[in-house]
Amino acid sequence: MHRPAIPADEPSLRALWSTAFPDTDVFPLWAGDPGRFPRTFVAVDAATVLAAVYYLPRRLRAADGAVHLVGGIANVATLPAARGRGHARRLLDLALAAMTADGCSWSLLFTGTPDVYRGSGFEPFTLRYPTGTPAPAGRTAEAASPSSGWTIGPGSLAEWSRLAAAHRAFNAHRSLTTVRTADDWNRRVPVWYAPPAEVLVAHRRGRLGGYVVLRRTAGEVQVLEAACRPGREDALGALFAAVAEHARAAGVQRCTARLPADPAVDAALPRLLRDPVTETDTTGMLRPLHAAPELLAAMTAAPGAFHWPGDYL
């Protein structure tokens with residue numbers, strides 16, 4: 001039987017997702033969504049959930065900066081013994097029909113198995129970002145001159161209202177970005193940027209100019225997100241220089257900057273990376289619903305188009 005989930009399905013859903021996603025506990029985020037049951041579709045045999053698909057309505061920006069209601073697909077899973085029976089395809093069809101009825105312009109998902117979704121009309125898109133070795137302390141004077149007055153120190157997602165103002169301004173017209181709500185900042189962003197991720201903030205005369213979120217592993221420093229306030233773009237240079245200094249001190253030879261093509265980022269990037277090269281991420285997929293395919297093509301091709309890891313579903 002394929003149907004929307006009901007409260008009695010919760011224990012079986014938890015077991016399914018624990019099996020499918022052993023490294024990520026997706027249940028708490030799902031359980032915090034008050035509209036989760038009618039937007040979770042399950043294949044059930046007796047009292048066992050064999051497969052599930054969940055969607056969450058989000059608001060994302062298109063290429064012209066307009067905000068659209070989007071259906072984000074998440075938590076797609078099938079028990080190993082039930083695979084190959086078409087459950088995922090049928091549940092995706094139910095979710096897409098519900099999104100269309102809810103007025104969603106398009107649907108979005110991220111996956112490492114794109115072939116599962118092509119038959120349901122999803123097509124991949126590409127995000128590009130730079131990687132390289134940490135910028136050396138002796139960069140040219142033009143690239144490494146200090147940004148006067150910026151104090152760099154640890155920040156916290158608990159001060160999200162200040163970070164949100166920078167994020168909102170930095171992404172005001174950025175295609176593919178999520179318009180974050182207070183709930184996103186309080187619940188979703190802290191999950192994706194949980195320790196060992198760190199927040200660094202730049203202050204000048206007590207005012208926040210920008211922030212970065214980074215994660216350090218044994219051989220790499222990843223910049224997961226960055227933003228700055230209008231007129232304070234030089235804060236990014238000071239922040240990037242601090243990240244590079246941390247990487248050098250830790251003996252790290254690789255920095256990954258999951259950052260969009262953006263004038264402020266490009267100007268500050270020499271303070272983070274030496275000889276950067278471009279990496280690609282093709283895990284994102286889109287499917288039009290009410291929107292024309294041309295709108296989605298323009299959105300993914302727009303300069304600076306990006307989707308931050310903190311907004312994953």
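All figures in this text were calculated on a predicted structure; none of them were measured in a lab.
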Test item: side-chain donor near acceptor, [X] and [Y], under 3.5 Å:
X	Y	result
Asn171	His167	yes
Glu198	Tyr193	no
Glu220	Thr256	yes
Tyr55	Arg39	no
Asn75	Trp17	no
His203	Arg162	yes

Measuring from [X]:[atom1] to [Y]:[atom2], what's the distance to the nearest 0.5 Å?
X	Y	atom1	atom2	answer
Asp25	Arg14	CG	CZ	6.5 Å
Leu286	Phe125	CG	CZ	5.0 Å
Asp9	Thr48	CG	OG1	10.0 Å
Leu92	His87	CG	NE2	13.0 Å

Check: Ala135 main-chain N/O paired with Arg248 side-chain donor or acceptor under 3.5 Å | yes
Checking Arg229 side chain against Gly209 main chain: does a donor-acceptor pair fall under 3.5 Å?
-> no
Would you call Arg61 and Leu176 a side-chain contact if the rule is heavy atoms closer than 4.5 Å?
-> no
SB check [X] [Y] (cutoff 4.0 Å):
X	Y	result
Arg128	Asp281	no
Glu279	Arg254	yes
Glu123	Arg118	yes
Asp311	Arg188	no
Asp234	Arg204	yes
Arg174	Asp262	yes

Evaluate the ring planes of Tyr54 and Trp30, with Trp represented by its six-membered ring, and classify them as parallel (under 30°), tilted (30 to 60°) or perpendicular (over 60°).
-> perpendicular
Please name the pair of heavy atoms, one in [X] and one in [Y], separated by the smallest distance, quoted to 0.1 Å.
X	Y	answer
Ala264	Phe170	CB-CE1, 4.3 Å
Ala62	Leu295	CB-CD2, 4.3 Å
Ala95	Val53	CB-CG1, 4.0 Å

Does NE2 in His290 sit with more than 12 non-hydrogen atoms of other residues, nucleotides or ligands closer than 6.0 Å?
-> yes
Picking from Trp308, Trp192, Tyr211, what satisfies side-chain hydrogen bond (donor to acceptor under 3.5 Å, both in side chains) with Glu225?
-> Tyr211
